[in-house]
Structure formats: structure tokens, C-alpha cells
Amino acid sequence: VEQFRFGSNPIPGGSKNLVINGGMTVAQRGSQAITASGRAATDMWSAMLNDTAGRITFTQDSTTGAAVPLGHGYAIKADCTTAEGSLAASDALAIRHMIEAKNLQHLRWGSASAKAVTLSFWMSSPKSGTHCVTLNQPDSSYRHYISEFTVASADTWEHFKITIPGDTGGTITNDTGAGLSINFPLVCGSTFQNTKDVWAAGEDYGSSSVQNLLDNTANNVYITGVQLEVGSVATDFAHEDVGTTLQKCLRYYQAIEGSTPLPWTIVCDSATLGYAFWRLPVKMRANPTVTINAGSGDGITVANGNRFSSYATPYVYNTDSGYAGAVLSGATAGFAGRWTASSGFYFRWSAEL
């Protein structure tokens, strides 16, 4: 129906929403306390943090604290855990979503035919008044477009629609790096402030009217239903099944957590060293950074005995395969073993933007 509505955007093939996990349905990491720039609880979302003393904890929220808007099952919650009453010029903390450059080439930015995009989202803020959201383009020596929107009532879900003109002055490189980021500043000092409603050079995040949303530990910010689409009209949010969203997220992050039988066999290279070769179900954006942590009672059973001592540094072949090494005790070269994990174990692959 939207395709034929007067003034509506043309509906491209595939998903019209350039944002992955804009409905906050996938949360592989769980609760995340942000003490430096880091990932959020919901996949594909993170924090941009510079200097500020203010701190937040991210969670995937459903009904605790604030019911999500009708039609959405989840939201991202940023809970202020350390307040910052007075901002320094260089202080900045924003809720961020990054988009891979290969998924943005159809915008034609950097040319005279650069296409406009429309950002829509639901937000509940602890304050009424002027707020900011910014598109940042890290290629072309960094560029930004700051938009303002007005929250009518504090701690109330409201829907916002903002159209941003295409950037004729900055080209998005056709690669697997970050081509664009959406930033919701929670605090933004004067170093990162600039003029609204214009594409300009520099890494800025808010106008001079931006508010401090971290001045009280009672402050909570909720966001969901984030959509960025080609065109100058906001259309209905593109809900997709959670399986499809998860498959998209796995390109950037995959993990096995906690107590579980693991899906790879350990092959004993010697009495003291074994290898498990892994193949991921989804190829990642780039060769991942791999981290492995032993649980309280991990085991590698070879010839009816637990031979596990510790893990060696994992090795990555390419975007979907590699191996993990295990230090063993009393094993036999050429034997194979069953690998089981216990509470506290994790095996993580990250190719985040």
C-alpha cells in the first residue's frame, strides 16, 4: 500500500530499513555497563564516549520501567548510573548505530544526485524540550548533519520523523567499513557542538541547544523502532521476523555463552595439546577478533577422562573459520575428545563496526 501512497518513498528491493535491529529484538550480549566506548545490550548498538564522567548501563527492555510502544516488543534502555551535573567542553556520550558502507552505495552521496533519507524512531526521554540526533559520515575526513527534535513530555513515548538531505559533499567508500552512524547524544560538550540542518566537516554530535540527559541517576532513556530509509517521507516501521534480524546481526557478532556441550570435537595433537576446528554458520564482515574464557568446570573428555587444563590463543583462518587450542594433561596423540563448557564459559567472535 505504501508504494502507491501519494508522496511516499519508492520501496526498494529487500528491506527498506537501513538500520539492522532497529526494533531491538536481538540482544546476544545482555546487560552492559559502559565505562568506555563499548557495545550495548542490543546487537548493532553501542556507546560513543569521550572524556565524560557520566556513565550508563544498557539493557534490552520490555516492560520494566516503561512499557514499549504499541507494536514493539523491546527497546534499548540507557540507565544513568553515574551522573554528570557539569559538562566539560570535550564531554560527549551518545547512543550509536553504525551502518556498513557496502549497504549505502545506492544513496549516491558525494554526487549531485545524492538521495535524501528519513529517520524515524520512538523515544522516551527524562526531559522535555529540544533534543538532537546526528548522522555522522566517517569517510571523507568525517562529516555530520545535526537535527533537532522537541520532546513534549518527559518519560513519555513519542514518535519522531526527521528528513536529512543527501550529502553531495562527502563520498561513502564502497567497502566493509563504517559508512554512516546514527548518534543520539546524551551529553554533548561545546567541542562537539555545531550548526543544525547542514552537512558540514567534522565529528560533531549536537547543536548548542542539546540537553544533558545524564545529570541525575534517576534518568533513563529508551529508544526503539529506529528506521532510516531512502526518501523524504517516513513510512511505517519495517517489522521483520527475529530470525532474519539475528542472521543479519551474526555478520558482526556471534557467541556461545555458558554451560553447554560444544559442537566441535577436540583432536589431540599430543599428550598436552588439542585443537577444535570451528566453522561459523554466517560469514562475518571481516576476520573476527576471537576471545575464549574458561568456565568454572570446563571439560575435554578423552578416553573416559577429563584432560582439560586451559585454553590457548584461538586462531582465525578467515571470516568463518579457525581453531581453538586447549592445553591438556595426560591425553594421547591422535585421540579425539568431547568438549563441554560450564558456567562462566564464553567463545566470542566480533567483527563489529
Side-chain angles (χ1 to χ4, degrees), residues 19 34 37 45-56 66 75-80 82-97 116-138 142-167 169-170 180-228 232 234:
V19 173
I34 301 300
S37 295
W45 291 85
S46 61
M48 185 290 298
L49 186 150
N50 189 80
D51 284 354
T52 182
R55 292 292 184 268
I56 59 175
I76 188 173
K77 175 185 177 182
D79 175 15
C80 178
T82 301
E84 182 168 11
S86 178
L87 295 182
S90 60
D91 288 352
L93 197 161
I95 300 173
R96 167 178 283 179
H97 175 83
V117 292
T118 296
L119 176 69
S120 55
F121 55 94
W122 285 92
M123 183 177 187
S124 172
S125 169
K127 293 185 177 182
S128 60
T130 302
H131 289 54
C132 292
V133 61
T134 301
L135 292 190
N136 291 82
Q137 202 263 77
Y142 232 104
R143 292 172 63 78
H144 67 269
Y145 190 98
I146 299 167
S147 299
E148 292 182 349
F149 60 97
T150 301
V151 172
S153 300
D155 298 318
T156 303
W157 280 108
E158 298 178 49
H159 193 243
F160 301 96
K161 306 171 184 179
I162 298 167
T163 296
I164 298 100
D167 183 13
L180 193 64
S181 67
I182 303 169
N183 295 275
F184 296 91
L186 305 182
V187 295
C188 183
S190 59
T191 298
F192 295 100
Q193 295 176 9
N194 214 318
T195 306
K196 67 174 181 176
D197 298 336
V198 61
W199 279 106
E203 185 179 355
D204 294 317
Y205 295 96
S207 69
S208 58
S209 299
V210 68
Q211 299 200 49
N212 179 358
L213 301 182
L214 300 183
D215 59 358
N216 192 307
T217 54
N219 291 359
N220 296 318
V221 176
Y222 301 84
I223 297 173
T224 194
V226 183
Q227 180 158 285
L228 184 70
S232 57

Please assess F184 against F121 for the test ring pair (Phe, Tyr, Trp, His ring centres under 6.0 Å), listing each intermediate value before the final yes or no. CA-CA 11 Å; F184 296 91; F121 55 94; 5.0 Å; yes

Would I76 and T224 count as a side chain to side chain contact (heavy atoms under 4.5 Å, CB included) if you check the C-alpha gap in whole Å, the side-chain angles of each, and the deciding distance to 0.1 Å? CA-CA 6 Å; I76 188 173; T224 194; over 6 Å; no

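Taking the charged nitrogens against the carboxylate oxygens, D155 and K127 have no contact shorter than 4.0 Å, which rules out a salt bridge.
Remark: side-chain polar atoms of H131 are paired, donor with acceptor, to backbone N or O of G129 under 3.5 angstrom. Looking at E158, its side chain never comes within 3.5 Å of a backbone N or O of W122 through a donor-acceptor pair. Within the 3.5 Å criterion, the main-chain N or O of S232 finds a donor-acceptor partner in the side chain of T163. A donor-acceptor distance shorter than 3.5 angstrom exists from the side chain of S207 to the backbone of S209, with no hydrogens or angles considered.
Using a 4.5 Å cut-off on side-chain heavy atoms (C-beta onward), N212 and L87 make contact.
S90 and T191 share no donor-acceptor pair across their side chains, judged by distance under 3.5 Å alone.
With sequence neighbours left out, the side chain to side chain contact (heavy atoms under 4.5 Å, CB included) criterion links S190 to A89, Q193.
When all heavy atoms of D204 and T134 are compared, the closest pair comes out as O-CG2, 3.5 Å. The minimum heavy-atom distance linking I56 with C80 is given by the pair CG2-CA, 4.2 Å.
Ring planes of W199 and Y145: tilted class, angle from 30 to 60°.
For the pairing with N183, the side chain to side chain donor-acceptor pair (under 3.5 Å) check across E203, R96, H144 returns one residue only, R96.
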